[in-house]
Amino acid sequence: MILFTVLIVPAYGEPVLKEDDFVVQKFVSGIANGPTSMAFEGKDILVLQKTDGEVRLIHNGVLQEKPVLDENVTSEGEQGMLGITTVGTKVYLYFTESTHDGGKPLGKRVYSYDWNGTVLTNKKLIKDLWATQIYHNGGAMVTDLNGSVYLVVGDAGRYGKLQNHPDGEPDDTSVILRIAPPGPYYAMGIRNSFGLAIDPVTGKMWDTENGPDFGDEINLVTPNFNSGWDVIMGPATKDELQRLPGFPGHIYHDPKFTWEKPIAPTGLSFIGSDKFEKNRNSLFVGDCNNGNLYRFQLNDARDGFIFHSSQLSDLVADKNDSQDEIIFGTGFGCITDVVAGSDGLLYIVSLSDGTIYRIVPKSTGEALDPPSIEYIEILAAGAIGIGSLIFIIKKRQKKIKV
Ligand SMILES: [Ca+2]
Ligand SMILES: [Ca+2]
Ligand SMILES: [Ca+2]
């Protein structure tokens, strides 16, 4: 006698969008070991795995089994394979390198590689940062409109001049560094950050910054920016401004938006494509604590935000303020990256779900390339005689629902 049951395992933690004009698709799931960041090379996607130091390829919407690179990383806390950006076929990676995965730390390092369509080759050391800490290593990288590459590094537990203390020599902590071509500190006074973005219209840089138990921020990062840590987090008081020793040549600016209660903001992105025509004047921001995707409306000068709610017009989400106006979607788990794709769609990397979600305007219909794909796990369990077998079949199906 054969018993055979088929179960369709329901998808876990499905994201929901607040607007009917868009749908969210599970683009690729089953990314093991904590996806932290992704980047496009043409239509291909390179995605980083935090804890094993692998870079995986998504080709035609399918996660390829063999990694295109496998580095040795420490991964405790906020260490691991952390940041990626590209300049043509040149790929820059930032990670906490070690003797072997989980082994003795060697340093926070940026390497460049060449992408040949199959693997990352020609590894070259670009920047060796002095030490790796369990927390506040930063990680996000970005390329500006001129092709210059930037990296954000957190305070790594240091308290010197770069953290707005009177003493303690600069040591490449709490900064945004121009990595290629090498340049002076672009910004300092940053506690920690997981997000950098370039406005495709103005070319200006924006970041997210993580406060301690208050004061998560979104900043417009002008050249020689001082973000204020560890004297100031969130908008400055007069007293704090007076106490700020500052750093030569660097100018303090308040954030463009602050959360009083921590949300752990991470990746952020503008999207300039025709497919998001109504959102070209928006900045999308992800968080890790609540699984929210936020959308901020830019002002005409694109140097700040517009709010309709009086609660948010003071540029602070105080702990009892409604955030309805800025929440675009929920249920994404711990978002680590938000990326405008080369196909004009918006991609959301979820570390906790091991998934890349994709946001598609309904108006674009099904005529998308590559077609959206979802994985449905069918668990087929059968008992045959005295033995039993469990088959897990991953069946790929084209998703037609738009
Ligand atoms: Ca590895
Ligand atoms: Ca700040
Ligand atoms: Ca407020």
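Start at 1 and go down the list; that is how both ligands and their atoms are numbered.
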Looking at [Y] and [X], is any side-chain nitrogen of the basic one under 4.0 Å from a carboxylate oxygen of the acidic one?
| X | Y | answer |
| --- | --- | --- |
| Lys26 | Asp353 | no |
| Arg109 | Asp128 | yes |
| Asp343 | Arg358 | yes |
| Asp274 | Arg280 | yes |

Under 3.5 Å, which donor-acceptor pairs do the side chains of residues 160-168 form with other protein atoms, sequence neighbours left out?
residue: Lys161; atom: NZ; partner: Glu169; partner atom: OE2; Å: 3.2
residue: Gln163; atom: OE1; partner: Gly160; partner atom: N; Å: 2.7
residue: Gln163; atom: NE2; partner: Thr173; partner atom: OG1; Å: 2.8
residue: Gln163; atom: NE2; partner: Ser174; partner atom: OG; Å: 2.9
residue: Asn164; atom: OD1; partner: Asn226; partner atom: ND2; Å: 2.9
residue: Asn164; atom: ND2; partner: Asn226; partner atom: OD1; Å: 3.1
residue: Asn164; atom: ND2; partner: Gly228; partner atom: O; Å: 3.4
residue: Asn164; atom: ND2; partner: Trp229; partner atom: O; Å: 2.7
residue: His165; atom: NE2; partner: Asp230; partner atom: OD1; Å: 2.4

Let me confirm one number: the CD-CD distance from Glu71 to Gln49, rounded to the nearest 0.5 Å. 13.5 Å
ring-ring contact (aromatic ring centres under 6.0 Å, His included) contacts in which one or both residues fall within residues 56-107, not counting sequence neighbours: Phe95-Tyr111
I'd like to know if the Ca ion (ligand 3) has an N/O/S atom from [X] within less than 3.0 Å of it, counting both backbone and side-chain atoms.
| X | answer |
| --- | --- |
| Leu315 | no |
| Gln311 | yes |
| Asp321 | yes |

Vertex the Ca ion (ligand 3), rays to OD2 in Asp314 and OD2 in Asp318 - rounded to 10°: 80°
Can you see which heavy atom on Gly42 is nearest to which on Ser342, and at what distance? O-OG, 2.6 Å
Restricting to under 3.0 Å, identify the protein N, O or S atoms around the Ca ion (ligand 1) as residue plus atom. Asp52 O, Asp70 OD1, Glu71 O, Asp101 OD1, Asp101 OD2
I want to know whether Tyr294 and Trp259 have ring centres closer than 6.0 Å. yes
Test log, rule side chain to side chain donor-acceptor pair (under 3.5 Å), inputs Gln311 and Ser322: CA-CA 7 Å; Gln311 291 184 325; Ser322 166; 4.7 Å; no
Over 60° means perpendicular and under 30° means parallel, so classify the ring planes of Phe284 and Phe328, tilted if in between. perpendicular
Around the Ca ion (ligand 2), how many protein N/O/S atoms fall inside 3.0 Å? 4
